[in-house]
**Q** 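Pasting a structure here, questions to come.
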Number of protein chains: 2
Amino acid sequence: MTDHQPVRAADRTERIKGAALEVAREAGFAKLSIEAVAARAGVSKHTVYRRWPSRGLLFLDAVLSLNTAGLGHPDTGDIVADLRTVMTTATDLLGRPPWGPLYQDLIGEAQHDPEVAAALNQRFIAPQTADTLARLKRAMDQGQLAPDFDLDLAMEILSGPLYFRLLITQQPLTHAYIDRVLHAVFAGMSPRSQYDGRP
Amino acid sequence: MTDHQPVRAADRTERIKGAALEVAREAGFAKLSIEAVAARAGVSKHTVYRRWPSRGLLFLDAVLSLNTAGLGHPDTGDIVADLRTVMTTATDLLGRPPWGPLYQDLIGEAQHDPEVAAALNQRFIAPQTADTLARLKRAMDQGQLAPDFDLDLAMEILSGPLYFRLLITQQPLTHAYIDRVLHAVFAGMSPRSQYDGRP
DNA sequence: TGGGAAACAGCACGGGCCGTGTCGTGCTGT
DNA sequence: ACAGCACGACACGGCCCGTGCTGTTTCCCA
């Protein structure tokens with residue numbers, strides 16, 4: 001009541017994002033048109049276009065407003081346990097229904113639209129990877145990891161196979177699989193070959 | 001002349017696929033409409049629809065007709081060298097311009113269209129991963145890898161980070177990076193932590 | 001407390017592409 | 001010569017795009 005300026009504007013913004021999620025869940029991102037979202041939200045098309053320049057960026061906002069909090073890295077002192085916590089949380093949220101398919105669609109859209117790709121990187125991927133790297137760095141400082149451990153590569157080996165399963169082979173992301181990846185990175189693949197390690 | 005039945009049909013099929021590649025390269029997959037492809041190919045829309053049910057599957061055929069040969073796994077007796085060969089060949093073809101962006105678009109479309117995802121898996125991903133696994137298995141039989149080496153996980157750790165860079169962070173795929181991944185899998189990440197390897 | 005600015009809903013428009021239908025033509029094989 | 005089929009050309013209703021326009025509601029500030 002006494003709240004003023006952006007109260008109705010913010011309300012409409014939320015209603016539009018909510019309507020976008022509803023439409024996407026019911027009919028898929030392919031059917032997510034500005035017209036459909038506006039109708040669902042009980043809003044004029046202008047009101048949508050005033051806020052987002054394309055359906056891709058609207059969809060990005062809608063998906064990222066889900067629960068991207070709760071994906072921060074804890075620090076219990078055990079790097080592997082902490083990574084397992086954040087990896088299971090993230091995959092449970094973004095790798096399964098109901099939001100998994102939408103996150104999949106979002107990454108798919110990023111492959112077609114450079115603006116979506118840039119915004120997704122800047123607003124979600126980069127902070128998340130930076131957070132992982134910071135946590136790994138802390139573990140190294142605490143002596144849990146060797147000084148020459150390749151932190152960047154470790155982060156990419158922890159993330160890559162999960163995205164590979166989500167996007168390419170479309171297999172389910174189980175906790176057991178996360179444990180296998182963690183084991184590979186922090187206990188080694190034990191190849192025991194004659195490979196001397198030279199590139 | 002004396003060749004008959006499918007000669008004109010096959011000619012048109014090739015012209016349509018070629019036109020699809022041209023349009024996609026010039027204007028991006030987003031602008032790839034059946035009408036535009038038909039016009040570019042000098043062909044009626046019916047002729048396109050008679051062959052492909054959607055632009056996604058047409059695009060899949062067009063991209064996969066590029067050079068998917070030449071991606072078979074050699075066997076020189078050195079598993080790491082052979083993997084490096086096929087990985088560099090694959091990323092040079094599908095991870096760089098001019099075909100990299102199109103392969104990216106294709107995977108993006110697979111996130112929206114289950115038929116494209118299934119066809120891409122069946123016709124490219126699955127054969128490719130099966131080939132990699134067969135080569136790894138041969139190396140294990142020859143004693144280059146320990147009997148308990150996790151072949152499936154190794155394949156996914158070799159592929160995952162490359163797709164992560166291609167699709168998520170959109171960094172370039174260099175040969176040096178491939179070497180880092182190979183080194184990690186076949187020489188270990190050397191964490192030297194107190195982690196005991198239990199999941 | 002009034003008045004001007006801004007945001008809004010509703011409607012309409014031209015345009016692009018969809019997927020399908022129809023018609024007439026040229027090529028294919030018998 | 002003839003029947004069949006793939007084809008090119010054109011037209012169609014429909015969906016959604018992005019953008020105008022009008023009149024109304026809401027907000028801010030004087």
Side-chain angles (χ1 to χ4, degrees), chain A residues 1-62 105 108-109 112-116, chain B residues 1-62 105 108-109 112-116:
Chain A
M1 293 284 189
T2 53
D3 243 329
H4 305 315
Q5 225 155 6
V7 63
R8 287 169 39 83
D11 170 68
R12 275 178 173 74
T13 300
E14 289 310 309
R15 270 177 44 201
I16 294 169
K17 287 198 284 187
L21 286 179
E22 284 180 30
V23 172
R25 278 224 286 170
E26 293 172 12
F29 174 75
K31 297 278 185 184
L32 186 137
S33 64
I34 301 286
E35 292 211 354
V37 172
R40 174 68 63 105
V43 144
S44 161
K45 281 200 290 179
H46 273 298
T47 308
V48 180
Y49 280 111
R50 196 173 293 117
R51 288 166 169 76
W52 292 277
S54 69
R55 70 172 195 155
L57 291 174
L58 162 59
F59 187 57
L60 175 82
D61 260 0
D105 272 328
E109 186 62 11
H112 301 140
D113 186 337
E115 292 193 26
V116 173
Chain B
M1 292 285 186
T2 52
D3 244 328
H4 307 314
Q5 228 155 5
V7 64
R8 286 165 43 82
D11 171 66
R12 273 175 176 77
T13 300
E14 289 310 309
R15 270 177 44 201
I16 294 169
K17 288 199 284 187
L21 286 180
E22 284 181 31
V23 172
R25 278 223 287 172
E26 293 172 12
F29 174 74
K31 298 279 184 183
L32 186 136
S33 64
I34 301 286
E35 294 211 353
V37 172
R40 173 69 63 105
V43 145
S44 162
K45 281 201 289 179
H46 271 299
T47 307
V48 179
Y49 280 111
R50 198 173 292 119
R51 288 165 170 74
W52 292 277
S54 68
R55 69 170 194 156
L57 290 174
L58 161 59
F59 187 56
L60 174 82
D61 260 0
D105 272 328
E109 185 62 11
H112 301 139
D113 185 338
E115 292 193 25
V116 173

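Bear in mind the structure is a predicted one, so any value in this text is a computation, not a measurement. Quick note on labels: first sequence line is chain A, next is B, and so on, each numbered from 1.
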**Q** If you define the side chain from C-beta out and look only at heavy atoms, does anything of A/T13 sit under 4.5 Å from A/K17?
**A**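 Side-chain contact under 4.5 Å: yes.
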**Q** Just to be sure I follow the notation: if a pair is Watson-Crick (purine N1 to pyrimidine N3 plus N6-O4 or O6-N4) or a G-U wobble (N1-O2 and O6-N3), each under 3.5 Å, what dot-bracket string does DNA chain C give, with | for pairs to another strand?
**A** ||||||||||||||||||||||||||||||
**Q** If you compare all heavy atoms of A/K31 against all heavy atoms of A/V23, which two are closest, and at what distance to 0.1 Å?
**A**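 Closest approach of A/K31 to A/V23, heavy atoms only: O-CG1, 4.1 Å.
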**Q** Which value, rounded to the nearest 0.5 Å, describes the distance between B/D105 atom CG and B/L60 atom CG?
**A**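 It comes to 13.0 Å.
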**Q** Can you name the nearest heavy-atom pair linking B/V37 to B/A19, along with the distance?
**A**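 It is O-CB, 3.8 Å.
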**Q** B/D11 has an atom CG; how far is it from atom C1' of C/dC27, in whole Å?
**A**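 After rounding, the reported distance stands at 14 Å.
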**Q** In whole Å, what is the span from the CD1 atom of B/I16 to the P atom of D/dA6?
**A**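 The distance from CD1 of B/I16 to P of D/dA6 comes to 14 Å, rounded to the nearest Å.
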**Q** What's the separation between atom CD1 in B/I34 and atom NZ in B/K45, rounded to the nearest 0.5 Å?
**A**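 One gets 9.0 Å once the value is rounded to the nearest 0.5 Å.
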**Q** Calculate the interatomic distance between B/E35 atom CD and D/dC17 atom C1'; express it in whole Å.
**A**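 That distance rounds to 15 Å.
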**Q** Tell me every residue that passes side chain to side chain contact (heavy atoms under 4.5 Å, CB included) with B/D113, counting only those two or more places apart in sequence or in another chain.
**A**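 Scan of B/D113 (side chain to side chain contact (heavy atoms under 4.5 Å, CB included), adjacent residues dropped) gives B/S54, B/E109, B/E115, B/V116.
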**Q** May I have the distance from A/I34 (atom CD1) to D/dT19 (atom P), rounded to whole angstrom?
**A**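 Roughly 11 Å, once rounded to whole Å.
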**Q** How long is the line joining CZ of B/R40 and C1' of C/dC17, in whole Å?
**A**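 That distance rounds to 17 Å.
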**Q** B/K31 has an atom NZ; how far is it from atom C1' of C/dG15, in whole Å?
**A**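 To the nearest whole Å, that distance equals 12 Å.
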**Q** Using a 4.0 Å heavy-atom cut-off to protein, can you give one letter per nucleotide of nucleotides 5-11 of chain C, 5' to 3': B if the base is in contact, S if only the sugar-phosphate is, - if neither?
**A** --SBBB-
**Q** B/L58 CG to C/dC17 P: how many Å, rounded?
**A**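 Nearest whole value for this atom pair: 15 Å.
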